[in-house]
Engineer: 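Below is one structure. I have some questions about it.
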Amino acid sequence: EYMGVIYFCLIINSVLSYSNNPCPRLPVGSFVPQPLNVKSVGGYLDTHISFQNRTASDGTMLFCYMLGDAQAPTLRIQPGDKILFTLTNNYIGDGSSSSSS
């Protein structure tokens with residue numbers, strides 16, 4: 001029954017709070033909630049995801065995909081479904097500014 005379901009995870013680390021901090025990360029040892037499930041309805045999936053980045057305090061560059069306040073959503077579709085996928089590139093060269101490219 002699940003053979004036709006496609007799991008499309010954009011990244012592994014899922015955090016549901018975005019605020020003004022792109023690519024939020026939980027403290028080590030924290031509970032990591034399940035990613036948001038976005039399902040097709042009536043054979044159609046329309047989603048708008050943004051690509052974000054920032055530089056962490058240790059200098060590591062962090063990257064993530066956001067759907068509103070949800071990081072790394074799981075998109076679920078059935079065979080034959082139509083998908084309208086809009087990706088907004090909010091990449092910041094060095095991750096230190098909040099302007100969009």
Engineer: Using only atom types and a distance under 3.5 Å, with no angle test, would you say the side chain of N53 pairs donor to acceptor with the backbone of F63?
Structural biologist: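 Not confirmed, N53 side chain does not pair with F63 backbone.
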
Engineer: Can you tell if the side chain of L36 reaches within under 4.5 Å of the side chain of L67, non-hydrogen atoms only?
Structural biologist: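 Yes - at least one pair of side-chain heavy atoms lies under 4.5 Å apart.
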
Engineer: Could you check whether any side-chain heavy atom of L75 comes within less than 4.5 Å of a side-chain heavy atom of T47, counting everything from C-beta outward?
Structural biologist: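 Touching, per the 4.5 Å side-chain cut-off.
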
Engineer: Within the structure provided, determine whether T74 and V38 are in side-chain contact (heavy-atom separation under 4.5 Å).
Structural biologist: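 They are not in side-chain contact.
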
Engineer: Checking L45 against D81 for the side chain to side chain contact (heavy atoms under 4.5 Å, CB included) test, could you report, in this order, the C-alpha distance in whole Å, the side-chain angles of both residues, the deciding distance, and whether it holds?
Structural biologist: CA-CA 7 Å; L45 177 66; D81 285 355; over 6 Å; no

Engineer: Please round to the nearest 0.5 Å and tell me the distance separating atom OH of Y91 and atom CZ of R54.
Structural biologist: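 Y91 atom OH to R54 atom CZ measures 14.5 Å (nearest 0.5 Å).
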
Engineer: Can you name the nearest heavy-atom pair linking L87 to F51, along with the distance?
Structural biologist: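 Of all heavy-atom pairs spanning L87 and F51, the closest is CD1-N, 4.0 Å.
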
Engineer: Side chains of Q71 and C23: does their closest heavy-atom pair fall under 4.5 Å?
Structural biologist: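 Yes. Closest side-chain heavy atoms under 4.5 Å.
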
Engineer: Kindly determine whether Y44 and I83 satisfy side chain to side chain contact (heavy atoms under 4.5 Å, CB included), including the steps that lead there.
Structural biologist: CA-CA 6 Å; Y44 188 73; I83 303 171; over 6 Å; no

Engineer: Give the minimum heavy-atom separation between Q78 and S40, together with the two atoms involved.
Structural biologist: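 In this case the closest contact between Q78 and S40 is N-OG, 4.0 Å.
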
Engineer: Within the 4.5 Å heavy-atom criterion, are N37 and R76 side-chain neighbours or not?
Structural biologist: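 A side-chain contact under 4.5 Å exists here.
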
Engineer: Evaluate side chain to side chain contact (heavy atoms under 4.5 Å, CB included) for R25 paired with L62, printing each intermediate quantity in order.
Structural biologist: CA-CA 9 Å; R25 297 297 189 260; L62 304 176; 3.9 Å; yes

Engineer: Side chains of T60 and T55: does their closest heavy-atom pair fall under 4.5 Å?
Structural biologist: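 A side-chain contact is absent here, since even the closest heavy-atom pair is not under 4.5 Å.
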
Engineer: Any side-chain heavy atom of H48 sitting closer than 4.5 Å to one from M66?
Structural biologist: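 Counting from C-beta outward, H48 and M66 never come under 4.5 Å.
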
Engineer: How close do A72 and P35 get, counting heavy atoms only, and between which atoms?
Structural biologist: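 It is O-CB, 3.2 Å.
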
Engineer: Taking the side chain as every heavy atom from C-beta outward, state whether I49 and F85 have any atom pair closer than 4.5 Å.
Structural biologist: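 Yes, side chains in contact.
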
